[in-house]
Amino acid sequence: MAIYVTSDAHGHVRALDRALELAAPLSEDTVYVLGDMVDRGPDPVGVIGLVRGLSNARVLMGNHERMLLDVLCNTGEMDDITWALNGGGTTLAGLDELDRNAYRELMDWLAALPLFDVVEAGSRTYILVHAGIDAMEARGFLATAGVDCSAGQGAAAASHELLLDMLGRQNPETLLWTRWEFWGEPTGLVGADGSGPVVVAGHTPSIALPGYADRMDCTPEEASRLGRIVRVGACDDTAGVADRIDIDCSAAAGSGRGCVGIMRLDDGAVWCVPVEEGE
């Protein structure tokens, strides 16, 4: 069974559908969707429908799903003007077409989405979140549990359950919104021997990633030209292993630069499909 990850389709259902066709996950595989299905693009409700129609999908909440819930279900401080400025109009239009029962069921489904998961693929552990983690806080928590990440040891000794416990102690706002702090510094979770968990996140469009990260596996010019999946952090201190992977292929940018990307964690295979004009 293989593990696939995708994120930040932002209403571009046709590009996501084509990317899934190319990646062709099997029924026994698992497709993780790391949030931000909604807003900006023309058919956010269609993206949700496509994702929910996948029998093998597991979905995490993104900051745009959180904004939607904050406004429509009054669950937070986000206001409708801020949501509108972040592309909420297309989502609201799609929701208005649902009947009352379908609307309520969809809101309940969105509200129950988890913020994180931990998976094993290709002999490595991956931490899956929408935006990123507070790495310093993560290392501190692991140290109190007997997993010392200092001096290049990394967190290879951390069990699946311990990593889930660590993520459960993180500030939800960090998991949904972080950028500078996460992409700008090594996590310290991958050791000098290259072992340890890698964090996979979306939220930060790859075309904007050069403003936040260094040690990318492409040049800043390549990253900013067209949406793509970008590995970050590979260096001598990690035996050449990237400790972070950005899977937001900038679909929110629309046609010309935006793509929807899917990555198979087991072998690193990547499929990126451009967003076409009008979709």
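Owing to the predicted nature of the structure, the values given are computational and were not obtained by experimental measurement.
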| request: Say whether Thr75 and Arg66, considering side chains only, have a donor N or O and an acceptor N or O under 3.5 Å apart. | output: yes
| task | Establish, from distance only, whether the side-chain atoms of Thr204 and Arg179 form a donor-acceptor pair under 3.5 Å. | result | yes
| message | Salt bridge check, Arg52 against Glu105: does any charged N sit closer than 4.0 Å to a carboxylate O? | response | yes
| Say you draw a straight line from CG of Asp70 to CG of Asp80; how long is it, rounded to the nearest 0.5 Å? | 12.0 Å
| request: Identify whether the distance between the nearest side-chain nitrogen and carboxylate oxygen of Arg104 and Asp108 falls below 4.0 Å. | output: no
| task | Establish, from distance only, whether the side-chain atoms of Trp83 and Asp39 form a donor-acceptor pair under 3.5 Å. | result | yes
| remark: Besides Ile229, the hydrophobic cluster formed by Ile, Leu, Val, Met, Phe, Trp and Tyr side chains linked at under 4.5 Å, directly or via other members, contains Ile3, Val5, Tyr32, Leu34, Leu60, Val119, Tyr126, Leu128, Val190, Val198, Val200, Val241, Ile245, Ile247, Met263, Leu265, Val270
| Regarding Ser255 and Glu276, is there a side-chain donor-to-acceptor distance under 3.5 Å anywhere? | no
| message | For Arg18, is there an ion pair with Glu279 - N to carboxylate O distance below 4.0 angstrom? | response | yes
| request: Decide if atom CG of Asp236 counts as having more than 12 heavy atoms of other residues, nucleotides or ligands within a radius under 6.0 Å. | output: no
| query | Should we say atom CG of Leu26 is surrounded by more than 12 heavy atoms from elsewhere, each under 6.0 Å from it? | reply | yes
| remark: To the nearest 0.5 Å, atom CE of Met37 lies from atom OG1 of Thr6 at 11.0 Å
| said: Between Asp17 and Arg14 (salt bridge meaning N to carboxylate O under 4.0 Å), is one present in this structure? | reply: no
| query | Is the closest side-chain donor-acceptor distance between Asp243 and Thr187 under 3.5 Å? | reply | yes
| Separation between CD of Glu185 and CZ of Arg215, rounded to the nearest 0.5 Å | 9.5 Å
| request: Report the residue from Met61, His203, Gln170, His130 that forms a side chain to side chain contact (heavy atoms under 4.5 Å, CB included) with Leu175. | output: Gln170
| query | Taking C-beta and beyond as the side chain, do Leu164 and Glu161 meet within less than 4.5 Å on heavy atoms? | reply | no
| Side chain proximity check, Cys218 to Val230, heavy atoms < 4.5 angstrom | yes
| remark: Those residues at least two apart in sequence (or on a different chain) that pass side-chain contact (heavy atoms from CB on, under 4.5 Å) with Leu54 are Leu20, Asn56, Ala57
| Quick one: OH on Tyr212 to CG on Asp246, what's the gap to the nearest 0.5 Å? | 11.0 Å
| query | Between CG of Leu209 and CG of Asp248, what distance do you get to the nearest 0.5 Å? | reply | 9.5 Å
| field | Verdict with reasoning, Trp271 to Val260, per side chain to side chain contact (heavy atoms under 4.5 Å, CB included) | value | CA-CA 8 Å; Trp271 299 265; Val260 172; over 6 Å; no
| query | Should we count CD of Glu77 as having more than 12 external heavy atoms under 6.0 Å? | reply | no
